[in-house]
Every structure is written in C-alpha cells, then in structure tokens.
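Here is how names work: the chains are called A, B, and so on, in the same order as the sequence lines, proteins then strands, and each is numbered from 1.
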Protein chains: 2
Amino acid sequence: MGIIKVGIDMSNIREIAKRAGIGIATVSRYLNDNGYVSEESKKKIQKVIEELNYTPNALARAVFTKNSKTIGLMVPNISNPFFNQLASVIEDYAKNMGYNIFLCNTDDDKEKEKNYLEVLKSHRVAGIIASRSQCKSEYSNINIPVVAFENHILDNIITVSSDNYNGGRMAFEHLYSKNCERILQIRGPKSFEATELRFEGFMDAAKDKGVEVSFIEFQSDFQVEMLEADINSMNDISQYDGIFVFNDIAAATIMRSLKKRGVTIPNQVKIIGFDNSFIGELLYPSLTTINQPIEEIGRTIVELLIKQINGDEVAVKDYILQTKLIERETTLSLEI
Amino acid sequence: MGIIKVGIDMSNIREIAKRAGIGIATVSRYLNDNGYVSEESKKKIQKVIEELNYTPNALARAVFTKNSKTIGLMVPNISNPFFNQLASVIEDYAKNMGYNIFLCNTDDDKEKEKNYLEVLKSHRVAGIIASRSQCKSEYSNINIPVVAFENHILDNIITVSSDNYNGGRMAFEHLYSKNCERILQIRGPKSFEATELRFEGFMDAAKDKGVEVSFIEFQSDFQVEMLEADINSMNDISQYDGIFVFNDIAAATIMRSLKKRGVTIPNQVKIIGFDNSFIGELLYPSLTTINQPIEEIGRTIVELLIKQINGDEVAVKDYILQTKLIERETTLSLEI
DNA sequence: ATGAAAGCGCTAACAG
DNA sequence: CTGTTAGCGCTTTCAT
C-alpha cells in the first residue's frame with residue numbers, strides 16, 4: 001500500500017517573497033492592497049505571481065481573520081423552481097456583498113439539516129440562511145448569525161417570510177369570485193409553517209363566506225418521483241370545480257393528473273397555485289397563482305444576515321413581505 | 001469609526017485540551033479517531049466538547065492537510081431542470097464519498113466562470129467539475145484535478161458527455177417515422193458543444209433521408225426572462241409539422257408559444273426535446289425527448305474526479321454515455 | 001516602506 | 001498511551 005498523494009501543491013507567500021527578493025509581509029500587503037508597497041516591489045511581486053500562477057489561500061486567510069466570507073444557504077429542495085429562483089437571487093446579492101454561497105440541499109430532512117449545520121459550523125461560515133428549517137435546539141448554541149426563511153427556529157433568530165396567511169385568503173377569494181362552489185384544497189406537509197398559514201388563510205376566508213372546503217394533504221413538497229406514480233386519493237377529483245394547491249410545482253403535478261383524466265381546465269375546474277415561480281408561465285393553461293416577492297425576499301434575507309455579520313444592531317422579529325394575486329388562464333371564466 | 005467586529009469566536013483545540021487537563025495532541029487524535037486515546041481521556045474530552053459546543057475548524061485542518069474535502073461544481077444554469085437534477089445527483093455521490101459541494105452558477109458567462117475558478121482555486125478545492133465551460137487556457141496552469149462535462153476544455157482534461165450526436169440522429173429519425181415532412185430545428189447557442197452535436201446528428205440523419213430541415217438558433221439555454229417576451233422569429237411556426245428543440249426546458253417555452261397561437265400538439269405539429277428532465281413529464285401533452293442518463297453521468301463524473309484526486313492513473317479521454325428515445329405524447333400519431 | 005517574529009487552529013512526527 | 005514541538009499559509013504588530 002503506497003502513500004496516496006492527496007491535495008494540491010501550490011506555491012505560498014513565502015515562495016513568492018523569496019523569488020521576488022523581498023519580505024513576506026510586503027507580499028501580504030500587496031495581496032490585500034493595504035499598507036505601503038513601493039512601485040518597484042509591486043512590479044516584482046506581480047511578475048512572480050504570474051510566473052507561478054499563484055492564488056492566495058483563502059482557507060489560511062480565513063483561519064487567521066476568522067472571516068470566511070462565505071454564507072451557508074440551506075434549501076429544502078433545489079428542484080422546486082421557487083427555491084431555485086430564490087437561491088439564484090440570494091447568490092447574486094451575496095456576491096455583490098463579497099460573499100460566496102455554500103449551498104446545502106436538506107430535502108426537508110432533519111438529519112440532513114443537522115449534518116449540514118455541522119459542516120457549515122466547521123467551515124466557519126460567516127452566516128447561515130436556513131430555509132424551512134426542520135430543526136430548533138440545534139441552532140441554540142451556535143455562534144453564527146442566522147436568518148430563517150419561512151419556518152421559525154428560535155426566539156432570537158430573525159424570520160423572513162411572505163404573507164402566507166393573506167395569500168391563502170386571496171386564493172380563496174379569487175376562486176370564490178369565479179363562482180367555484182365545490183372547492184378542494186391540497187395542503188402541504190404539516191411541518192411547513194408557510195403552507196400551514198396558506199391553509200389557514202384559505203379556510204378562514206372560506207368560513208367567512210360560509211363555504212365548505214375539502215382538503216387532502218401532500219406529504220412532501222415535490223419530488224421527481226411523484227411524477228412516476230399517479231397521485232392517488234385523487235379518484236374523486238372530478239367532483240370539484242375549484243382547487244387551491246399549496247405551491248406551483250405541486251399544482252403542476254395536479255394539473256397533469258387532471259388532464260390525464262380528461263378534466264378540462266379552467267372549464268371544469270379552476271386551479272390556483274402559490275409562489276409565482278417560472279413553472280406557472282410554462283404550463284398550459286398558464287397558472288393563476290399568489291406571488292411571493294422573490295427578489296425582495298432574497299434581498300431582505302441577505303441584508304439582515306450581513307448586518308448581523310457586521311455586528312450591527314438588528315431587532316429580532318418577523319419580516320413579512322406582501323403577497324399578491326397573479327391572474328392567469330387556469331382561473332379564466334371564459335372557455336379557452 | 002469603531003472597530004467592526006466580524007467573524008466567529010469559537011473555542012479551539014487548545015482550550016479543549018486545557019479544560020480537559022490533557023495535551024493538545026490527544027484531543028487531535030480523539031477528533032480524528034486515529035492513534036491511541038484512553039477511555040478516560042475520551043470521556044473527559046467528550047464532556048468538554050459538549051460543554052463548549054465545540055466544532056473543529058475544517059479550514060485550519062484543510063490548510064495543514066492540503067485536503068479541503070470539497071469539490072467545486074460549475075453549472076451554467078441551475079434553473080434548467082436538467083442541470084438541477086444533475087447537481088443533485090452529483091451532490092449525493094460526492095457526499096457518499098465524503099466530499100462537500102461548492103456550487104457555482106456561471107450563467108454560461110466566461111467572466112463569471114473565470115471569477116469562480118479563482119474562488120475555487122483560492123479555496124483549494126480538491127477537484128473541479130466544469131460543466132459547459134466557456135473557458136480554455138484559464139484551466140491550463142491549474143494544479144487541481146478537473147472533469148469537464150459537455151464542453152471540452154484542454155487535451156489533458158477528461159470530458160464526460162452524453163452521445164449527443166446519436167441523440168440528434170434519433171430525434172430526426174423519430175420525427176421522420178412519424179411522417180413529419182416540414183421539419184424545423186431549434187438549435188442552441190454555438191458555444192454549447194453538446195447542442196452543436198445534436199444539431200449535426202439531426203442534420204446528418206435528415207440528409208440521409210433526403211429531407212430538408214429549417215432551423216433557427218436560440219442565443220441562450222433558458223432564462224426566466226424568456227417567458228416574459230414572446231419568442232419572435234416564430235411567426236411562421238405554423239407551417240411546420242415537426243419540431244426538434246435542443247433541450248427540454250426550451251421545448252417547454254416553444255410549446256407554450258405554440259399553444260398560445262392555437263397550434264395543437266401533436267395534431268398539427270409534433271415536438272421532440274432533449275434531456276429527459278422532469279419538466280417533460282409535467283407538460284401537457286407530455287414531451288417526447290432524448291434521455292441523458294443523469295444518474296450515470298453524475299456517478300461517472302464524480303468517480304473520475306475522485307480517482308484523480310486520489311492520484312490514481314486515469315486515462316484522459318472522452319467518456320460518452322448512451323442516449324435513448326423516450327416516447328411520450330408530443331409525438332403521438334393519433335389525436336389526443 | 002519594509003521585514004522579523006508571533007500567532008490563527010490545526011496535524012503529525014517523535015520522544016517519552 | 002501521551003505531550004512537546006514544529007509547521008501548514010496567512011496576517012499583523014512593531015521596530016527599523
């Protein structure tokens with residue numbers, strides 16, 4: 001058994017200094033563009049750096065400065081277009097602020113999240129964005145700033161979310177205004193605070209109008225595997241004339257099931273989703289939905305996190321961003 | 001201007017050793033589970049670690065071992081379901097092998113890729129997966145193992161891809177077998193080797209049958225913004241009875257355009273995509289497409305990369321994985 | 001303007 | 001089985 005050679009050999013700052021015939025500290029100053037470095041030294045250093053194709057070791061730097069310039073982003077499911085778009089927005093904002101993203105896919109699985117939390121801690125990320133967290137106490141003794149999205153974690157952790165409750169109300173009111181009478185709600189898993197609030201808003205609005213609403217519960221957000229199996233419990237689906245689905249991608253799977261059964265949308269049944277992710281515009285008919293302000297959510301999360309990272313005072317509270325109705329074809333009154 | 005406190009204070013191995021009343025090396029041995037540590041010491045260490053909520057600093061460890069246990073993954077567009085699924089597969093395999101993923105979204109932009117390449121180098125990632133790279137010489141003086149997906153980078157870099165050429169041929173042959181006569185191909189940007197090969201395969205197969213094929217070119221993979229604007233140059237779309245689109249998500253946008261114009265699929269026009277990403281099953285009618293073996297691609301890439309990381313001899317060559325036709329509703333012969 | 005030296009948190013000989 | 005020590009690549013006083 002020979003020795004396995006692992007890892008990368010790259011020249012270091014000492015090598016650069018030696019070859020440039022100057023001191024190590026000067027090179028460091030040059031690299032960080034702070035302190036004084038003579039033009040002559042600059043030229044010499046630059047030359048050697050190019051010759052050796054040298055890149056400073058961000059790890060070693062982070063060990064010393066205790067600032068990794070990295071943000072850990074936990075998403076439950078990168079295949080869900082909504083989280084997908086959110087991750088892109090967050091990546092962009094973070095990059096603008098000089099931070100890189102360490103992306104973690106938790107699959108809404110508590111164990112995976114716990115493991116990733118350890119990974120992020122061990123990598124000394126500057127901050128963590130925990131979306132739809134399934135953990136609580138795991139975050140209690142953490143020394144790292146955290147911003148939660150959707151699910152609350154602990155009292156001392158800021159939570160950002162859309163106004164899901166009112167989104168749910170709007171969804172009902174829209175179906176109601178379209179004269180739907182036999183209404184079904186597909187609700188999300190109980191462990192998703194956001195979809196719970198959508199559920200409650202929808203139900204409360206229905207109660208206000210004295211309308212009864214049936215509902216069935218999905219056990220997960222969206223898995224590619226869901227496409228392989230038919231959605232069961234959907235046998236009696238044709239009795240409804242209005243369906244609210246807890247998110248757009250799940251709505252897409254429902255629409256597919258309906259169309260397979262020959263149910264026409266929006267003629268026989270009207271559909272409304274939630275998120276306003278790009279999938280809704282791709283569907284036919286295009287999906288009426290409740291907009292979550294993705295850009296604003298991403299910006300808010302990153303700003304709040306970086307404020308905390310910088311040690312600024314930030315009031316710990318809920319940041320709730322407005323939702324609004326996006327009317328498209330799945331709830332058209334006329335036949336299409 | 002006060003001093004901005006940045007970064008995380010976390011206890012270190014010396015603190016643990018002191019509190020446990022033992023030496024620093026013993027703690028290190030305990031942490032890495034190598035070398036001998038007495039039961040008594042183990043207990044004491046464990047206790048202190050829990051009290052202080054200590055997590056070893058992976059950065060400091062990586063500086064010394066020169067092994068970050070991290071793989072950099074460049075994807076052109078995480079919003080494209082295909083790359084989305086591929087990233088998930090790669091993440092899973094990598095995690096099984098003890099590696100974390102540093103995800104970078106290049107947007108098919110050379111400058112972004114260059115920047116990310118610097119970031120990955122500076123973070124001393126153990127290896128890099130460069131999918132659809134827009135760079136060449138930037139990879140030449142790199143000391144890090146690289147595996148390319150789709151686009152070739154340099155002679156000494158392994159490239160993995162699907163059999164895009166034959167996929168293109170299959171696509172034509174399928175439309176031909178469905179009696180399509182006025183065929184259009186939507187081809188991808190010229191800088192995508194994979195879609196170029198699909199284009200050539202399709203064209204060659206058409207030539208073999210003596211069929212003329214029109215084509216138009218998309219300038220990008222898929223952007224959410226494409227949904228806001230209508231696809232232009234599509235005015236005369238109704239004259240075709242068979243369309244091949246270079247990937248599934250672009251096919252989805254085309255289908256949407258067609259449906260908006262009242263063109264019926266597959267009655268008036270048959271559509272075939274490429275990728276077999278989950279979007280195809282979500283569409284209605286469901287999309288006939290060419291399968292790329294995502295699982296196998298992901299596994300192959302990770303295995304080849306880790307072999308190189310471990311210093312094993314790996315022949316530098318092209319790994320081309322088989323494609324196959326997935327027949328669904330957009331090319332049905334009967335009306336639906 | 002510059003370099004020597006100490007130290008960030010960790011690992012790995014090596015001597016006991 | 002354990003602790004001392006040197007050193008990974010970097011930053012930062014501090015004296016020159």
key: Length of the line joining Y30(B):OH and dC1(D):P, which is rounded to integer Å   = 16 Å
request  = Write down the distance between CG (N67(B)) and P (dA12(C)), rounded to a whole number of angstrom.
outcome  = 11 Å
remark   = From CD1 of I49(B) across to P of dG9(C) the rounded distance in Å is 16 Å
Partners passing side-chain hydrogen bond (donor to acceptor under 3.5 Å, both in side chains) against E303(B) (at least two apart in sequence or in another chain) = none
request  = Could you list the residues that satisfy salt bridge (charged side-chain N to carboxylate O under 4.0 Å, His left out) with E118(A), not counting sequence neighbours?
outcome  = K121(A)
ask   = Is the phosphate of dG9(D), meaning OP1 or OP2, less than 4.0 Å from a side-chain N or O of K66(B)?
value = yes
task = Report the end-to-end axis angle of the helix from dA1(C)-dT16(D) to dG16(C)-dC1(D); each axis comes from five terminal pairs, and the value is rounded to 10°.
result = 40°
request  = In whole angstrom, give the distance that lies between atom CD of E40(B) and atom C1' of dG3(D).
outcome  = 16 Å
Base-contact (B) and sugar-phosphate-only (S) positions in nucleotides 10-16 of chain D, heavy-atom cut-off under 4.0 Å, - elsewhere = BBB----
inquiry  = Strictly by ring-ring contact (aromatic ring centres under 6.0 Å, His included), give each pair with a member in residues 112-132 of chain A just once, sequence neighbours left out.
reply    = F102(A)-H123(A)
ask   = From N80(A) CG over to I78(A) CD1, what is the distance, rounded to the nearest 0.5 angstrom?
value = 9.0 Å
message = Rounded to whole Å, please give me the gap between CD1 in I16(B) and C1' in dG3(D).
response = 17 Å
remark   = Result for 5'-nearest mapping on DNA chain D, choosing between Y36(B) and V63(B), is Y36(B)
task = Taking side-chain hydrogen bond (donor to acceptor under 3.5 Å, both in side chains) as the test, write out the residues that go with E50(B), two or more places apart.
result = Q46(B)
message = Would you say NZ of K136(A) has more than 12 non-hydrogen atoms from neighbouring residues, nucleotides or ligands within 6.0 angstrom?
response = yes
ask   = Can you name the residues that form a ring pair (Phe, Tyr, Trp, His ring centres under 6.0 Å) with F83(A), not counting sequence neighbours?
value = none
key: Atom pair distance, as rounded to whole Å: CG in L59(A) and C1' in dC8(D)   = 11 Å
key: Any residue meeting side-chain contact (heavy atoms from CB on, under 4.5 Å) with T26(A), in chain and number order, not counting sequence neighbours   = I22(A), R29(A), V37(A), S41(A), I45(A)
request  = With sequence neighbours left out, write down each residue that passes ring pair (Phe, Tyr, Trp, His ring centres under 6.0 Å) with F82(B), or none if nothing qualifies.
outcome  = none
